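Bear in mind the structure is a predicted one, so any value in this text is a computation, not a measurement. Chain naming here is simple, since letters A, B, ... match the order of the sequence lines and numbering starts at 1 in each.
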Amino acid sequence: MTRYNAAITEPKWQEAWAAAESFTARTPNKDTSKPKYFALEMFPYPSGRIHMGHVRNYAMGDVVARYKRACGFEVLHPMGWDAFGMPAENAAIEQGGHPKAWTYDNIAAMREPLKRLGFALDWSREFATCDTAYYKQQQAIFLAFMKKGLVYRKTAKVNWDPVDMTVLANEQVIDGKGWRSGAQVETRELDQWFFKITHYADDLYYALDGLTRWSEKVRTMQKNWIGRSEGAQFKFAFAGAAPEGFDGVEVYTTRPDTLFGASFVALAYDHPLIKSLMADNTQLQELAKTCVAMGSTEEAIEKAQKRGVDTGLRVAHPFDDTLSLPVYAANFVLMGYGTGAVFGCPAHDQRDLDFARKYKLGVTPVVLPEGEDAANYTVEAQAYTGPGVLYNSQFLDGLGTKEGIALSIAKLEDLGVGQKTVSYRLRDWGVSRQRYWGCPIPIIHCGACGAVPVPTKDLPVELPDDVSFDKPGNPLEHHPSWKNATCPACKKPARRETDTLDTFADSSWYFARFAGGNTDDKPFDNKQASHWLPVDQYIGGVEHAVLHLLYARFFTRGLRDCGLLDLPSGEPFDGLFTQGMVTHASYKTKDGKWVMPADVDEKDGGFFEISSGEELVRGPVEKMSKSKKNVVDPADIIEGYGADVARWFVLSDSPPARDVEWTQSGAVGAWRFVGKVWALVSETNAKDFSADLGPMTQAKDASGAALELRRSVHKAVANVTQGIDQFRFNTSVAQIYELVAALKKYEIFDAAKAEGLGALTRMIAPFMPHLAEECWAHLGGEGFVTDAPWPVADPKLLVEDDVVMPIQINGKKRAEISVPKSMGKDELEQQSLAHPRIKDYVADLTIRKIIIVPGRIINIVAN
RNA sequence: GCGGGUGUGGCGGAAUUGGUAGACGCGCGGGAUUCAAAAUCCCGUUUCCCUAGGAAGUGUCGGUUCGAUUCCGACCACCCGUACCA
């Protein structure tokens with residue numbers, strides 16, 4: 001028996017697979033009878049290092065890809081790089097150098113360990129989104145979308161750092177201050193490009209029901225994000241003199257039934273009406289100032305204290321003009337949602353209630369919850385948002401919530417002041433970024449012709465290499481000549497668009513490029529892309545559950561409608577699995593500098609930086625990220641133990657959907673297991689091992705211990721297969737452990753053992769492919785185990801004749817009996833009551849009832 | 001704040017989805033082998049009372065049920081997202 005040496009074995013098989021082009025997905029043609037299978041994991045951002053999250057993500061995808069290959073599919077399993085983004089620019093600012101060099105160096109550095117992990121990837125399709133060839137096609141898509149009416153321009157808010165004179169990402173705003181300058185960040189309006197994702201809002205919403213291979217939770221998150229609601233949009237007329245230029249206030253509500261409970265109308269600080277009043281109202285100016293300083297994230301706005309300013313204006317109640325409501329400007333109303341104005345019904349909306357209490361506005365309940373009586377019902381600190389019966393509501397009195405909504409909308413329509421409206425929380429996708437390292441937006445701004453698309457023949461609009469990062473702001477803006485252009489329409493001097501596209505655009509169609517080839521005259525070959533798409537199994541982190549997946553769903557619809565992709569459903573991902581994240585404790589110094597775990601030593605209950613000896617503060621356990629430096633380098637594991645160990649380890653123990661906290665212990669256990677499997681297989685003399693490694697029938701006449709072994713083997717095959725099918729790789733791993741133990745105990749080399757070893761080898765292949773190949777070769781298997789068919793369990797061997805049944809008394813287990821599975825209820829009852837321990841128990845009790853579930857449980861109810 | 005999720009031994013987790021809680025692995029303890037060590041193998045390992053055996057126990061509190069880790073309600077803690085991190 002030779003010791004297993006991963007350092008030699010693993011590269012050997014990787015070279016053999018590469019030489020055989022084992023994982024090159026063939027372009028489908030007529031004589032390929034195999035069904036297609038597109039397995040894809042979210043491609044990595046080239047941060048410079050592979051981390052455990054990557055290993056986990058790609059190991060899972062690899063299990064699926066290899067398993068599906070074994071099941072007879074032609075599998076496409078590609079890899080590439082999500083290569084545009086801020087970190088490259090930050091690196092250039094902090095350490096000098098160029099984002100392009102930084103990115104391609106990182107890609108080179110990450111490709112090696114990724115290859116070293118032995119994933120069944122088709123590397124021939126590799127690309128990076130920052131490749132000119134890729135972003136050229138993205139520009140073509142932008143122009144196609146524009147032609148289709150899916151692109152437009154409007155003003156939108158950005159975080160503005162007044163010291164650095166630059167736009168900041170939300171991540172770069174810390175406690176309302178710029179991360180470098182420390183200056184109070186302001187909200188600014190800029191002209192920006194938008195993708196009209198709301199055009200597909202309804203379809204994006206309803207099509208979720210058809211995505212049955214997505215988890216319920218992701219579908220719910222997306223539904224809530226899109227936030228489709230039915231309600232009423234109507235206009236409040238002014239009571240008294242109307243301000244100049246306005247004839248009312250348009251509001252949207254999902255609860256028009258509560259209109260008689262309205263006690264105020266609130267408008268966003270940047271609503272046109274408020275803006276018009278701003279000039280001579282210092283209170284409004286103050287409010288606007290705090291709103292501007294609050295930043296633009298939803299979280300900050302929602303968490304802020306509710307504040308408002310009474311404008312002094314009043315509007316009339318649409319159903320009863322003897323009633324009028326005050327008009328406020330309020331910090332919790334957003335111009336971007338609905339009409340930028342709402343009416344407040346404090347009794348039935350918590351936010352409105354908080355606001356009303358603060359400004360001493362009336363709280364009139366109009367919905368009576370079941371079981372309350374109208375005379376005594378009051379709303380105190382808690383608004384009532386549930387259904388009930390309307391009262392205090394004139395013509396709506398006595399109606400239920402649903403009927404009340406319908407009737408109030410009908411009335412608004414009758415009065416000619418409003419109508420039923422469908423509204424969405426989803427906003428159009430702002431794609432302009434004032435940054436260098438992204439796909440240039442192919443537009444030329446001309447004083448005479450406006451925003452003119454760059455003609456297709458002039459694509460790509462290439463990023464200039466000669467840029468500097470020595471001052472804040474967009475390097476494209478600072479470049480001496482790049483933005484000078486000629487208007488394609490009138491040929492006069494014009495200015496090139498200096499905004500680049502949101503990097504989410506890059507990841508919204510890369511899968512189509514993987515499938516459709518590196519074409520230069522179009523984004524991808526439609527025929528090939530349409531053949532492979534949709535992705536059969538997509539795997540990635542939960543953190544992408546809403547944005548990335550929604551944007552990709554938008555892109556495929558747009559590509560379809562532009563005639564670039566034959567994908568009738570418009571859905572890019574048929575199956576989706578969101579894995580949990582690899583987390584790790586984070587550490588920082590007293591002055592807030594993050595420290596890598598590798599540089600942390602734990603002693604005497606405290607944490608210390610090894611290099612400086614300084615005591616550290618332990619931060620939260622959270623998503624491994626570069627900024628927090630709480631990353632663990634898998635290269636150490638690969639080098640010390642091998643790729644199979646790293647792969648096996650990340651798939652063991654934790655269920656794939658759950659977060660895992662990385663710990664060092666356990667890698668050793670995986671390493672031991674590799675040795676154990678190799679010992680088990682290698683002690684078999686291949687010459688004695690004459691069994692066929694294919695179908696699982698060669699030991700069909702086994703009896704006694706051999707039959708028992710066969711039962712274990714076939715049970716293991718069934719369970720491992722089920723584990724993979726259900727994305728519960730940890731249970732497959734546990735089952736493989738048990739199988740190895742069973743095979744080890746059985747010390748005879750016969751057909752039953754041969755069958756078991758053959759099944760074991762094929763089943764570990766998706767998890768530890770190098771070890772599996774080595775075992776396969778030793779056992780005398782033909783070709784690669786990678787090409788061998790998946791073992792199939794014989795159902796006859798999965799059914800047990802006898803079954804152990806627990807006997808409970810009042811729900812507590814007191815005894816168990818082993819009985820034939822077929823035993824009927826009557827006999828089971830007799831046998832249970834005859835059991836000596838049960839007899840003792842029930843001796844001085846009265847039996848009330850006996851519940852018998854054959855094959856499961858016997859429960860005697862007695863007192 | 002809002003939306004979504006998670007919570008089971010010392011640790012990672014399992015439980016046929018309402019039917020024996022703790023499979024499997026790690027760690028730990030004991031033993032075998034060894035001149036010794038590494039490696040390997042065997043046994044034990046939820047807690048408490050400990051004697052056959054018993055009692056408690058799946059974040060907390062309550063409910064439904066013959067029976068709840070599983071279903072329902074309230075709460076607590078942590079994680080993800082919150083539209084310019086990817």
Side-chain angles (χ1 to χ4, degrees), chain A residues 3 42 44-45 47 82 84-87 156 158-159 167-173 215-218 220-225 227 296-304 306 332 336 350-351 425-435 502-504 506-507 541-548 550-551 578 580-581 583 620-623 625-627 652-655 657-661 663 665-670 672-673 675-676 679 719 722 728 730-731 733-738 741 804-813 815-816 848-851 853 855-862:
Chain A
R3 209 176 155 79
M42 292 177 184
Y45 177 80
S47 59
D82 188 13
F84 274 136
M86 292 204 313
V158 294
N159 301 309
V167 177
L168 298 180
N170 287 336
E171 185 189 53
Q172 297 171 318
V173 180
S215 68
E216 199 61 50
K217 81 168 174 184
V218 173
T220 305
M221 280 191 260
Q222 291 222 358
K223 279 201 165 183
N224 289 339
W225 183 263
S296 54
T297 71
E298 188 191 71
E299 186 189 357
I301 293 163
E302 285 286 329
K303 274 188 182 166
K306 308 286 168 277
F332 62 87
Q350 192 60 45
R351 219 165 41 174
R425 204 184 79 96
L426 180 69
R427 310 196 298 256
D428 277 333
W429 175 12
V431 291
S432 287
R433 296 292 180 272
Q434 296 70 38
R435 274 180 253 292
D502 179 5
T503 56
F504 268 124
D506 311 342
S507 52
V542 255
E543 66 272 29
H544 292 295
V546 176
L547 290 182
H548 161 59
L550 196 60
Y551 291 149
T578 49
M581 280 164 303
T583 59
V621 173
E622 59 188 333
K623 171 168 87 164
S625 73
K626 231 190 154 221
S627 58
S652 309
D653 291 355
S654 280
R658 205 180 289 183
D659 289 353
V660 305
E661 184 182 352
T663 54
S665 63
V668 178
R672 262 188 225 144
F673 182 66
K676 213 187 242 186
N719 289 346
Q722 183 183 295
R728 294 147 51 91
N730 55 321
T731 62
V733 166
Q735 181 60 70
I736 289 170
Y737 276 123
E738 283 189 67
V804 175
M805 284 183 65
I807 305 169
Q808 297 182 333
I809 292 172
N810 294 331
K812 283 200 162 47
K813 184 184 132 191
E816 53 183 35
R848 300 281 172 204
K849 199 170 170 188
I850 299 180
I851 289 131
V853 184
R856 288 282 168 86
I857 205 150
I858 300 157
N859 190 12
I860 299 165
V861 186

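Distance, Leu550(A) CG to A83(B) P: 14 Å, rounded to whole Å. In this structure, Asn719(A) atom CG and A23(B) atom P are separated by 16 Å, rounded to whole Å. Between Trp225(A) atom CH2 and C80(B) atom P the separation is 16 Å, expressed in whole Å. Between Glu299(A) atom CD and C85(B) atom P there is a gap of 13 Å when expressed in whole angstrom units. Here G1(B) presents its C1' atom at 9 Å from CZ of Arg351(A), a figure rounded to the nearest Å. We find that CD of Glu171(A) is positioned 6 Å from P of C85(B), with the value rounded to whole Å. The separation between Tyr737(A) atom OH and A14(B) atom P is 15 Å, rounded to whole Å. Following rounding to the nearest Å, Tyr551(A) (OH) and A83(B) (P) show an atom-to-atom distance of 9 Å.
Nucleotides G9(B) and U46(B), compared at atom C1', are 4 Å apart to the nearest Å. Distance noted for atom P between C35(B) and C28(B): 26 Å (whole Å). Taking atom C1' on both A86(B) and U16(B), the two are 40 Å apart, rounded to the nearest angstrom. Distance noted for atom P between G25(B) and C76(B): 40 Å (whole Å). On the P atoms, U58(B) is 29 Å away from G1(B), given to the nearest whole Å. Here, C11(B) and G27(B) have their P atoms 15 Å apart, quoted to the whole Å. Comparing G67(B) with A21(B), their P atoms are spaced 14 Å from each other, to the whole Å. Taking atom P in both A55(B) and G59(B), one finds a spacing of 22 Å when rounded to whole Å.
Along RNA chain B, the nucleotide nearest to Ala169(A) and the one nearest to Val733(A) differ in position, and the one closer to the 5' end is contacted by Val733(A). Position along RNA chain B of the nearest nucleotide to Met86(A) versus Thr731(A) favours Thr731(A) as the more 5'-ward residue.
For A83(B), one of the phosphate oxygens OP1 or OP2 lies less than 4.0 angstrom from a side-chain nitrogen or oxygen of Asn170(A). Under 4.0 angstrom from either OP1 or OP2 of A86(B) there lies at least one side-chain N or O belonging to Thr503(A).
In the set C85(B), U20(B), A83(B), the nucleotide with an atom closest to the side chain of Val804(A) is U20(B). Among the nucleotides A86(B), U20(B), U82(B), the one closest to the side chain of Pro806(A) is U20(B). Closest to the Ser654(A) side chain, of the nucleotides G13(B), C24(B), A83(B), is G13(B). Which of U20(B), A83(B), G12(B) sits closest to the side chain of Asp653(A) comes down to G12(B). Proximity note for Ile857(A) (side chain, C-beta onward) versus A14(B), A83(B), U20(B): the nearest is U20(B).
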Protein-to-nucleotide contact annotation, 5' to 3' order, nucleotides 52-58 of chain B [B base; S sugar-phosphate only; - none; under 4.0 Å, heavy atom]: --SSS--
Contact state string [nucleotides 63-77 of chain B, B base, S sugar-phosphate only, - no protein heavy atom under 4.0 Å]: ---BS----------
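Shown here for Thr578(A) and Ser215(A), the closest heavy-atom pair between the two residues is OG1-OG, 4.4 Å. Of all the heavy atoms in Lys217(A) and Val542(A), the pair that sits closest is NZ-CG1, 3.5 Å. When all heavy atoms are compared, the tightest approach of Pro806(A) to Glu816(A) is CA-CB, 4.0 Å. Heavy atoms only, all atoms of each residue included: Gln172(A) and Val167(A) are closest at OE1-O, 4.3 Å. Between Met805(A) and Ile858(A) the shortest heavy-atom distance is CE-CG1, 3.6 Å. The shortest non-hydrogen separation linking Gln222(A) to Leu550(A) is OE1-CD1, 3.2 Å.
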Protein N or O to nucleotides 38-47 of chain B N or O, pairs below 3.5 Å:
from, atom 1, to, atom 2, distance (Å)
C41(B), OP1, Lys744(A), NZ, 2.7

Close N/O contacts between protein and nucleotides 4-7 of chain B (under 3.5 Å):
from, atom 1, to, atom 2, distance (Å)
G7(B), OP1, Arg658(A), NH2, 3.0

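Look at G57(B): its glycosidic torsion is beyond 90° from 0, and that puts it in the anti range. The glycosidic torsion of U47(B) lies more than 90° away from 0, placing the base in the anti range.
Within the 4.0 angstrom heavy-atom criterion, base atoms lie near Phe504(A). As judged by a 4.0 angstrom heavy-atom cut-off over every strand, Glu738(A) is placed among residues touching the sugar-phosphate backbone only. Across all strands, Gly541(A) comes closer than 4.0 Å to no nucleic acid atom at all (heavy-atom distances). Residue contacts shown for Pro44(A) are absent, as no nucleic acid heavy atom lies under 4.0 Å away. Looking at heavy-atom distances under 4.0 Å, Val167(A) makes contact with a base. When heavy atoms are screened at a 4.0 angstrom cut-off, Ser432(A) is found touching base atoms of the nucleic acid. Nucleic acid contact class of His544(A) (heavy atoms, under 4.0 Å, all strands): base. Base contact: Leu426(A) has a heavy atom under 4.0 Å from a base atom. As judged by a 4.0 angstrom heavy-atom cut-off over every strand, Gln434(A) is placed among the base-contacting residues.
Scored by the salt bridge (charged side-chain N to carboxylate O under 4.0 Å, His left out) test, Glu738(A) finds no partners at all (sequence neighbours excluded).
A distance of 10.0 Å separates CD of Gln722(A) from CD of Gln735(A), quoted to the nearest 0.5 Å. To the nearest 0.5 Å, atoms OG (Ser652(A)) and OH (Tyr737(A)) are separated by 4.5 Å.
Residues His548(A) and Met42(A) form a side-chain contact, since some pair of their non-hydrogen atoms from C-beta on lies under 4.5 Å apart. Counting only heavy atoms from C-beta outward, the side chains of Val431(A) and Phe504(A) never approach each other to under 4.5 Å. For the pair Thr503(A) and Tyr45(A), the minimum side-chain heavy-atom distance is 4.5 Å or more. At a threshold of 4.5 Å between non-hydrogen side-chain atoms, the residues Asn719(A) and Thr731(A) do not count as touching. Side-chain contact between Val861(A) and Ile850(A): absent, with no pair of heavy atoms (C-beta onward) separated by less than 4.5 Å. At a threshold of 4.5 Å between non-hydrogen side-chain atoms, the residues Glu302(A) and Arg351(A) count as touching.
The aromatic rings of Tyr551(A) and Trp429(A) sit parallel to each other, their planes meeting at less than 30°, with 60° as the upper class boundary.
The strand RNA chain B forms stems, runs of 3 or more Watson-Crick or G-U wobble pairs with distances below 3.5 Å, at B:1-7 with B:76-82, B:10-12 with B:24-26, B:27-32 with B:40-45, B:46-49 with B:53-56, B:59-63 with B:71-75.
Donor-acceptor pairing under 3.5 Å, judged by distance alone, is present between the side chain of Glu298(A) and the base of G1(B).
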